[in-house]
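The structure under discussion appears below in the form of structure tokens.
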Amino acid sequence: MAEVNPATHSRPAVVCRGLHKRYGDVVAVAGLDLEVRAGECFGLLGPNGAGKTTTVEILEGLLEPDAGEIEVLGMRWDADDKALRQRIGIQLQDTQFSDKLAVEEVVALFRSFYRRGPSVDEVLAMVELEPKRRSWVSTLSGGQKQRLAVACALVNEPDLLFLDEPTTGLDPQSRRQFWALLGRFRARGGTVLITTHYMDEAESLCDRIAIVDQGRVIALGTPRQLIASLGAEYVIELAVEPGTHVPVDRIAAMAGVQDVRQADGHVYVRVSQLHTVMPALLAEIQRAGSSLSHFSTHQATLEDVFVALTGRHLRDD
């Protein structure tokens, strides 16, 4: 995770207060408050339908909110929309380009929309697409298309970059290349607001994270702060053979156990001291006459934070 430099964060890049948006009877955003500091990578985490994309599209000036105050780079969409569009970059959740355009033609087209910015050659170098400059879009891999989408978001040398689920569907190598690209953008002083489903991505990239559910921010902090809020360093996941049971109440009463949760036939036990809890837990399973069909442990993650707050996994629909 990149370290936050307090000296660069004197003025927020994004501020919204009391943001509301609904579609008929469906409330997408319900009084959401948010502040993104200049120079940081800020992550929005939440399941499908949590209001992340709606929030980002409002901040990008693509949607009108029903209520709330919004300020982006010290300006407002209702008064400074032309100036704002020159200073932000947007990569949508699903960007579609003409298949029969060459990569350099796509970048040149987007570059023509802005008064300032690097040359087409410089942009292609940023995203490492120089070897593909004359290739049709239809011939690009998924990772290359995502880098092209980001290239189009960087053609104006933006101060603020919006990224909505930028690495969904990419293979691990392509995701790592994408992370390196964002690192170079941030090294030049850029601010990033990113939505993602991937816990490792959020923990690696984001200085701070807002967990969003049902249109509201339900937790906010650095990845370390959010994980520490669990009060547990490890999670034990177990399941038993059909016809046997887990003595949940007895396990919950054990010293060092912070929480016990059951879901999808598995039991999840959050613990502060793995080395003391594990032997006692296994003894309770044996005492109950049960047989384990699954047993694993891992250090607490942002996924565990989300489960603790909402009772479901981040990728659950």
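Quick note: numbers below take in every heavy atom, side chains included, and nothing from hydrogens, waters or symmetry partners.
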Please check if atom [atom1] in [X] has more than 12 non-hydrogen atoms from other residues, nucleotides or ligands closer than 6.0 Å.
| X | atom1 | answer |
| --- | --- | --- |
| W179 | CH2 | yes |
| Q299 | CD | no |
| R216 | CZ | no |
| R250 | CZ | no |
| Q286 | CD | no |
| R176 | CZ | no |

Under a 4.5 Å cut-off applied to non-hydrogen side-chain atoms, are [X] and [Y] in contact?
| X | Y | answer |
| --- | --- | --- |
| F97 | L140 | no |
| L84 | L73 | yes |
| D213 | L309 | no |
| D304 | H298 | yes |
| F306 | L302 | no |
| F295 | I236 | yes |
| L34 | L44 | yes |
| V72 | D80 | no |

- Task: Go through V27 and Q214 one step at a time and tell me if the side chain to side chain contact (heavy atoms under 4.5 Å, CB included) criterion holds.
- Result: CA-CA 8 Å; V27 178; Q214 298 182 352; over 6 Å; no
With no hydrogens and no angle check, is any side-chain donor or acceptor of [X] less than 3.5 Å from a backbone partner on [Y]?
| X | Y | result |
| --- | --- | --- |
| R115 | Q86 | no |
| N156 | I88 | yes |
| R85 | E60 | yes |
| D99 | V137 | no |
| D264 | H266 | no |
| R22 | D66 | no |
| R270 | D259 | no |

- Can you list the steps and then say if F110 with L154 is a side chain to side chain contact (heavy atoms under 4.5 Å, CB included)? CA-CA 9 Å; F110 277 77; L154 295 175; over 6 Å; no
Roughly how far apart are [X] [atom1] and [Y] [atom2], rounded to 0.5 Å?
| X | Y | atom1 | atom2 | answer |
| --- | --- | --- | --- | --- |
| Q144 | S135 | CD | OG | 8.0 Å |
| E203 | R224 | CD | CZ | 10.5 Å |
| R188 | D159 | CZ | CG | 11.5 Å |
| F185 | E157 | CZ | CD | 9.0 Å |
| K132 | R147 | NZ | CZ | 9.5 Å |
| C206 | L182 | SG | CG | 9.5 Å |

Looking at every heavy atom in both [X] and [Y], which two are closest together, and how far apart are they?
| X | Y | value |
| --- | --- | --- |
| T301 | I227 | C-CG1, 3.9 Å |
| P118 | V155 | CD-O, 3.4 Å |
| P166 | Q91 | CB-OE1, 3.1 Å |
| L59 | C16 | CD2-CB, 4.2 Å |
| G289 | T244 | O-CG2, 4.0 Å |
| T54 | A28 | OG1-CB, 3.9 Å |

Linking I/L/V/M/F/W/Y whenever any side-chain heavy atoms sit under 4.5 Å apart, do [X] and [Y] land together?
| X | Y | answer |
| --- | --- | --- |
| V150 | L129 | yes |
| V26 | L63 | no |
| L62 | V36 | yes |
| L230 | V269 | no |
| L124 | M126 | yes |

- Query: Does the side chain to side chain contact (heavy atoms under 4.5 Å, CB included) test come out yes or no for H245 and S290, once each step is laid out?
  - Reply: CA-CA 6 Å; H245 74 285; S290 301; 4.2 Å; yes
- Could you tell me whether K52 and D164 have a side-chain N and a carboxylate O separated by less than 4.0 Å?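 No, no charged N to carboxylate O under 4.0 Å.
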- Query: Step by step, would you call E284 with R287 a salt bridge (Lys or Arg N to Asp or Glu O under 4.0 Å)?
  - Reply: CA-CA 5 Å; E284 287 292 348; R287 188 176 295 114; 3.0 Å; yes
- Check the side chains of H294 and S296 for a donor-acceptor pair under 3.5 angstrom, ignoring hydrogens and angles.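 Yes - a donor-acceptor pair under 3.5 Å links their side chains.
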- Query: In terms of side-chain heavy atoms, does T167 have a donor or acceptor partner in E201 at a distance below 3.5 Å?
  - Reply: yes
- Query: When you look at L292 and L282, which way does the side chain to side chain contact (heavy atoms under 4.5 Å, CB included) test go after all the steps?
  - Reply: CA-CA 9 Å; L292 288 171; L282 293 174; 3.7 Å; yes
- Message: Before you tell me yes or no, could you show the steps for R186 and D207 under salt bridge (Lys or Arg N to Asp or Glu O under 4.0 Å), namely the whole-Å CA-CA distance, both residues' side-chain angles and the distance that decides it to 0.1 Å?
- Response: CA-CA 11 Å; R186 293 197 61 206; D207 298 302; 2.6 Å; yes
- Test salt bridge (Lys or Arg N to Asp or Glu O under 4.0 Å) applied to K21 and E64, step by step: CA-CA 8 Å; K21 183 67 177 180; E64 287 278 349; over 6 Å; no
